[in-house]
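Single-structure report; data block below.
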Amino acid sequence: MAVSLAALVVTAFWAMLPAYVPNNAAVLAGGGRPIDGGRTWDGRRVLGDGKTWRGTAAGTLAGTLLALVLNVLEPTLSGLVGFSLPTFPVAAGVGLALGAMLGDIGASFLKRRSGRQRGAAFPGLDQLDFVVGALVLGYVAAPAWFTATFTLPVLVIVLVMTPVLHVVTNVGAYLLGLKNEPW
Ligand code: CTP
Ligand code: MG
């Protein structure tokens with residue numbers, strides 16, 4: 001049985017939506033107290049002012065809520081595309097959303113350790129940090145759901161497609177004046 005490439009791409013995009021939205025929600029909601037409370041390590045900020053409690057909470061909430069909305073839309077959209085899209089157990093939605101935020105926070109930690117200031121680019125890491133975080137925490141939070149949903153071809157598509165989407169949305173947010181840097 002051949003599963004079409006288009007079906008795999010649609011499935012990959014759909015399954016990753018709860019992980020794609022958090023970083024953008026954090027950009028819109030960010031501000032307030034930084035998670036590291038201004039603390040430094042070896043003379044450099046632990047995370048920096050770009051990782052805030054408010055942004056992280058808003059991002060996690062947005063991704064989780066989106067997963068629940070997708071569950072409601074699933075029957076209609078599955079009917080439209082002509083194959084069955086996955087639904088999200090709550091644990092999976094939380095895992096994908098929080099994992100995306102934690103991956104991004106981990107990347108900021110590494111950026112500060114390597115002397116990069118807030119907002120500095122780290123090509124490769126910037127595009128994949130949240131994907132890796134989301135996939136790892138998604139697996140931990142809902143292992144059976146994860147292995148049924150993220151089959152090997154879907155995973156490969158996620159890893160190829162996400163950096164492209166990330167570049168496009170960040171350049172867009174920059175051009176709209178929502179973000180200070182285009183990455
Ligand atoms: N943001 C936030 N909390 C997070 C992630 C993001 O408040 N956990 C908000 C911040 O206002 C941040 C903006 O979203 O400045 C853009 O996010 P990002 O590009 O990840 O942060 P940078 O400011 O570029 O900082 P860094 O160099 O640490 O990535
Ligand atoms: Mg940045």
Side-chain angles (χ1 to χ4, degrees), residues 12-70 88 90-142 146 158-183:
F13 181 73
W14 171 272
M16 283 301 283
L17 271 175
Y20 287 155
V21 164
N23 289 284
N24 301 297
V27 171
L28 298 178
R33 244 173 75 76
I35 294 171
D36 67 9
R39 278 183 285 275
T40 58
W41 185 24
D42 270 351
R44 294 168 180 144
R45 286 289 294 274
V46 177
L47 299 173
D49 284 330
K51 304 297 118 143
T52 68
W53 289 109
R54 195 166 82 201
T56 307
T60 305
L61 199 66
T64 304
L65 288 178
L66 178 64
L68 301 179
V69 171
L70 294 181
F88 301 87
V90 177
V94 175
L96 290 171
L98 181 62
M101 291 273 81
L102 292 180
D104 175 61
I105 289 169
S108 290
F109 179 78
L110 294 178
K111 287 194 208 175
R112 301 301 93 82
R113 303 288 73 73
S114 62
R116 289 173 171 80
Q117 299 294 329
R118 173 189 180 180
F122 196 147
L125 193 65
D126 279 328
Q127 286 74 39
L128 284 171
D129 52 16
F130 66 100
V131 195
V132 173
L135 294 177
V136 169
L137 216 64
Y139 175 75
V140 170
F146 185 93
V158 165
L159 291 175
V160 172
M161 174 179 69
T162 307
V164 178
L165 286 173
H166 186 267
V167 169
V168 171
T169 53
N170 280 291
V171 169
Y174 171 74
L175 293 175
L176 290 172
L178 298 172
K179 230 169 162 288
N180 294 329
E181 303 88 17
W183 47 79

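Residue numbers count from 1 along this sequence. Here the structure is a predicted model, which is why all the values come from computation and not from measurement. First listed ligand is number 1; within each ligand, the first listed atom is number 1. Basis for what follows: all heavy atoms, side chains included, without hydrogens, waters or symmetry-related copies.
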Does R54 come within less than 4.0 Å of ligand 1, judged by its heavy atoms?
no
Electrostatic pair K51:D104 at N-O distance under 4.0 angstrom
yes
When you measure from atom 9 (C) of ligand 1 to each heavy atom in A29, A26, G55, which option holds the nearest one?
A26
Check the side chains of Y20 and T162 for a donor-acceptor pair under 3.5 angstrom, ignoring hydrogens and angles.
yes
Here the atoms of ligand 1 under 4.0 Å from any heavy atom belonging to R118 are 11 (O), 12 (C), 15 (O), 23 (O), 25 (O), 27 (O)
Qualifying residues under side-chain hydrogen bond (donor to acceptor under 3.5 Å, both in side chains), relative to D129, sequence neighbours excluded:
none
Ligand-side contact atoms (ligand 1) for residue partner R112, heavy atom cut-off under 4.0 Å:
26 (P), 27 (O), 28 (O)
For the aromatic rings, using the six-membered ring if either is Trp, is the centroid distance between H166 and F130 under 6.0 Å?
yes
Side chains of T52 and R54: is there a donor and an acceptor less than 3.5 Å apart?
no
Quick check on Y139: does its OH atom have over 12 non-hydrogen neighbours (other residues, nucleotides or ligands) under 6.0 Å away?
no
Give the atom numbers and elements of ligand 1 that come within less than 4.0 Å of a heavy atom of D104.
5 (C), 20 (O)
Polar contacts were defined as any N/O atom of the residue lying under 3.5 Å from an N/O atom of the ligand; does this apply to G119 and ligand 1?
yes
Just to check, does G48 reach to within less than 4.0 Å of ligand 1 when the distance is taken from its heavy atoms?
no
I want to know if ligand 1 touches T56 in the polar sense, i.e. an N/O pair below 3.5 angstrom.
yes
To atom 26 (P) of ligand 1, the nearest of A120, S108, P34 on a heavy-atom basis is S108
Test of proximity, G50 against ligand 1: N or O pairs below 3.5 Å
yes
Please determine whether any non-hydrogen atom of K179 lies less than 4.0 Å from an atom of ligand 1.
yes
Electrostatic pair D36-R45, nearest N-O below 4.0 angstrom:
yes
Of all heavy-atom pairs linking G59 and A97, the shortest is O-CB, 4.4 Å
